[in-house]
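Below: the structure, in structure tokens.
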Amino acid sequence: MSSRASKSTGKKHRIEVSIRVRPPSWSDHITTCTQNLKNNHSTVAVHANTSSSSLTLNDTTYNFADHIISGSDQSTCFDAAGARLLSKIQEGYSCCLMAYGQTGSGKTYSVFGPPGVLTETELQRAQSEGKLVPDTWGIFPRVAIQLFNLPQVQSFQVSVIEVYQNRAFDLLDQHKVLSVGSTRSSGTDLGNGTFHPSGCYCRICHKIRHKQSNQPGRKAEAVLAKREVVKSAEDVARLARLVEISRIAKGHLLNARSSRSHCLIQIHLSLKQGGKVSEPTFLFVDLAGSERIKKSGVIGEASHEATRINSSLTVLGRVIQALANGVKHVPYRESTLTQILQPVFAGRVCASVIVNIASEQDHAEESLGSLRFAKRLTGVKVRESQVEACDPKAKREMIEKELVHARRQLEVMIQQGLGGGILPMADSIEKRSLEENLTKLSTMESHVINIKMQLKEAHSLKPRSAQCHQLEEKLHKAKSHLEIAQGIVGRQKTIKRLWAEPTLACTKVRSQVQNLESMLAMH
């Protein structure tokens with residue numbers, strides 16, 4: 001995600017690992033720490049000893065975890081895995097919480113909560129009972145609301161990235177494709193208002209490029225996504241609900257709502273520390289679950305999705321193995337997910353991982369695989385870095401300078417024809433038609449999202465209101481109209497000399513301009 005100047009504490013710390021055992025699918029709560037499940041004449045005994053942080057699965061004891069979380073209580077999960085990070089970010093450290101496990105093991109439940117509870121109605125009901133958040137809410141909304149209420153927080157923004165089929169999308173900006181990794185330079189800024197475009201081979205540009213190529217310690221490039229300003233606890237609920245309805249999910253034999261993408265949601269804070277300001281971040285990573293296609297029963301596109309998910313998780317496993325073994329080359333660039341997570345494992349944040357396992361006999365082999373991954377994680381040590389506080393006036397001046405440079409870059413790229421959009425030589429009638437249809441499409445997409453948000457809110461009302469049926473019919477009709485509009489626009493974009501997609505380099509610079517504008521708003 002984003003990277004900022006930081007100062008090292010000098011001491012390396014092991015990534016904190018928590019194991020969460022999902023209750024049996026036919027039960028809502030676990031009242032004891034021992035579960036004996038009979039299935040096909042065989043028994044799995046999952047014994048969790050919370051005092052010694054040990055867990056026994058199939059007569060094998062695992063005692064490497066920092067915390068064992070047994071049951072569905074969200075407060076217990078937050079206290080074990082989220083409370084330390086909440087304290088750390090208040091001290092100026094950037095933090096990361098990741099949820100890992102097989103499909104249906106409770107990752108999204110731990111990070112966000114069960115489906116349908118992230119509503120303003122649930123929040124108001126909890127507050128009327130004297131609670132800060134509803135009991136069912138996961139770690140992200142709990143952390144977000146507690147951070148929002150801190151007096152030293154001057155600005156609170158959130159960005160969301162979805163990694164689907166090894167591509168990154170901005171979940172808060174109409175699923176815009178995001179640039180991950182290095183892209184072609186758009187040009188060289190020589191100062192004094194002089195900007196040479198890419199491809200310039202003058203003596204000055206050649207010297208600058210040669211100097212940059214010889215710089216040691218190449219850093220991971222930040223993936224820049226649109227930021228939304230959060231101003232209230234209700235905004236947190238709306239944002240979390242928007243993520244829930246926008247994220248790609250499908251049902252299969254193992255999970256009625258299986259996430260088919262990795263979701264990375266990041267809180268960007270501006271904290272007042274004396275006369276200075278620091279800008280730590282808190283990244284929440286809800287990974288898609290690994291699955292065996294024979295067990296999940298998926299076919300067609302869903303089968304292809306499962307293959308991509310398993311592939312990205314395999315690369316993540318190799319990254320963890322390389323870090324644990326201390327090898328020089330870490331294969332971050334083998335997947336989009338690991339490129340985005342490189343700043344986490346490079347040791348700039350306080351990191352914690354919840355490894356979710358299922359308790360049933362049918363999932364014993366997958367649970368053992370998740371525990372082996374958790375064991376490897378304990379061998380990874382990171383150097384926790386405190387975000388350096390700076391003078392707010394100087395920071396604002398620096399951002400303004402970078403914004404001027406980025407806007408100049410974008411202007412040059414658009415002049416070079418790299419910005420995409422409707423082409424200048426397009427036929428006037430076709431041009432007008434596509435402009436109108438693009439406007440209609442954007443309006444329809446917003447309309448569908450709005451109906452989905454209303455429907456989630458209506459479902460939270462007890463008893464269920466008659467409005468739900470009306471909204472469901474309205475949503476069905478709006479989706480049909482949206483599909484037709486998407487088809488029309490898609491066909492129009494294939495017309496020669498009418499439309500061009502922007503280059504990834506130009507998309508990256510646009511995102512940089514947008515990101516700097518958001519940062520400027522924080523000061």
Side-chain angles (χ1 to χ4, degrees), residues 28 74 104 108-109 111-129 131 133-138 140-141 144-145 158 160 162 164 169-176 226 228-252 255-261 263 265 286 301-302 436-490:
D28 293 329
Q74 297 285 55
T108 302
Y109 182 94
V111 177
F112 293 101
V117 302
L118 298 166
T119 65
E120 291 97 312
T121 302
E122 289 287 339
L123 179 62
Q124 292 166 6
R125 187 179 295 135
Q127 290 176 342
S128 67
E129 297 172 357
K131 301 175 182 176
V133 296
D135 294 335
T136 53
W137 281 17
F140 162 69
I145 288 179
V158 177
V160 187
E162 180 180 47
Y164 174 71
F169 300 89
D170 191 337
L171 215 58
L172 300 182
D173 195 9
Q174 299 181 333
H175 273 85
K176 181 180 71 176
K226 180 181 178 181
E228 291 282 350
V229 177
V230 174
K231 297 181 178 180
S232 66
E234 286 73 21
D235 284 349
V236 173
R238 280 191 289 271
L239 184 72
R241 191 163 75 252
L242 178 62
V243 172
E244 181 184 353
I245 66 175
S246 302
R247 193 175 173 189
I248 298 172
K250 294 177 183 176
H252 54 65
N255 192 355
R257 182 179 170 81
S258 174
S259 300
R260 314 308 287 172
S261 63
C263 180
I265 182 165
D286 180 15
E301 180 66 20
E436 292 174 355
N437 287 333
L438 285 171
T439 302
K440 289 180 183 177
L441 181 60
S442 178
T443 302
M444 288 180 180
E445 288 173 340
S446 299
H447 183 54
V448 168
I449 290 175
N450 187 44
I451 296 173
K452 286 182 177 180
M453 296 280 280
Q454 292 179 38
L455 187 57
K456 283 288 183 182
E457 191 69 35
H459 277 310
S460 67
L461 298 175
K462 297 177 182 180
R464 177 169 169 165
S465 65
Q467 185 186 13
C468 291
H469 180 66
Q470 296 174 358
L471 287 172
E472 287 168 354
E473 289 184 346
K474 192 176 180 181
L475 179 60
H476 178 73
K477 188 180 293 184
K479 281 183 174 180
S480 299
H481 292 162
L482 178 60
E483 289 177 4
I484 294 171
Q486 288 172 335
I488 293 172
V489 169

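Because only heavy atoms are used, hydrogens play no part in the values below, and waters and symmetry mates are left out as well, while side chains stay in.
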Which residues share a ring pair (Phe, Tyr, Trp, His ring centres under 6.0 Å) with Phe112, sequence neighbours left out: Phe140
Working for side chain to side chain contact (heavy atoms under 4.5 Å, CB included), residues Leu242 and Glu228: CA-CA 12 Å; Leu242 178 62; Glu228 291 282 350; over 6 Å; no
Would you indicate whether the side-chain heavy atoms of Pro134 and Val117 approach each other to under 4.5 Å? no
Are Val236 and Leu123 side-chain neighbours, meaning at least one heavy-atom pair lies under 4.5 Å? no
Please output the side-chain donor-acceptor pairs of residues 442-455 that fall under 3.5 Å, not counting sequence neighbours, one pair per line with the distance.
| from | atom 1 | to | atom 2 | distance (Å) |
| --- | --- | --- | --- | --- |
| Ser442 | OG | Gln174 | NE2 | 3.4 |
| Thr443 | OG1 | Thr439 | O | 3.0 |
| Ser446 | OG | Ser442 | O | 3.1 |

Is any side-chain heavy atom of Val229 less than 4.5 Å from a side-chain heavy atom of Val158? no
Within-4.5 Å side-chain heavy-atom neighbours: Gln74 and Val133: no
To the nearest 0.5 Å, tell me how far Ile488 CD1 sits from Leu438 CG. 11.5 Å
With no hydrogens and no angle check, is any side-chain donor or acceptor of Arg247 less than 3.5 Å from a backbone partner on Ser259? no
CG-CG distance between Leu118 and Leu239, expressed to the nearest 0.5 angstrom: 10.0 Å
To the nearest 0.5 Å, tell me how far Gln486 CD sits from Lys479 NZ. 11.0 Å
To the nearest 0.5 Å, what is the distance between CD on Glu162 and OG on Ser246? 8.5 Å
Look up atom OG1 in Thr119 and atom NZ in Lys456, then write down how far apart they are to the nearest 0.5 Å. 10.0 Å
Separation between CD (Gln127) and CD1 (Ile145), nearest 0.5 Å, reads 7.0 Å
With sequence neighbours left out, what residues match Glu473 under salt bridge (charged side-chain N to carboxylate O under 4.0 Å, His left out)? none
Kindly check if the number of other-residue, nucleotide or ligand heavy atoms within 6.0 Å of NZ (Lys176) is above 12? yes
Polar side-chain atom of Glu244 near backbone of Gly116 as donor-acceptor pair, under 3.5 Å: yes
Does the pair Glu122/Arg125 count as a salt bridge with the N-to-O cut at 4.0 Å? yes
Taking the side chain as C-beta and beyond, is there a heavy-atom pair between His459 and Glu472 under 4.5 Å? yes
Can you confirm whether Glu120 sits close enough to Ser232 that some side-chain heavy atom of one is under 4.5 Å from a side-chain heavy atom of the other? no
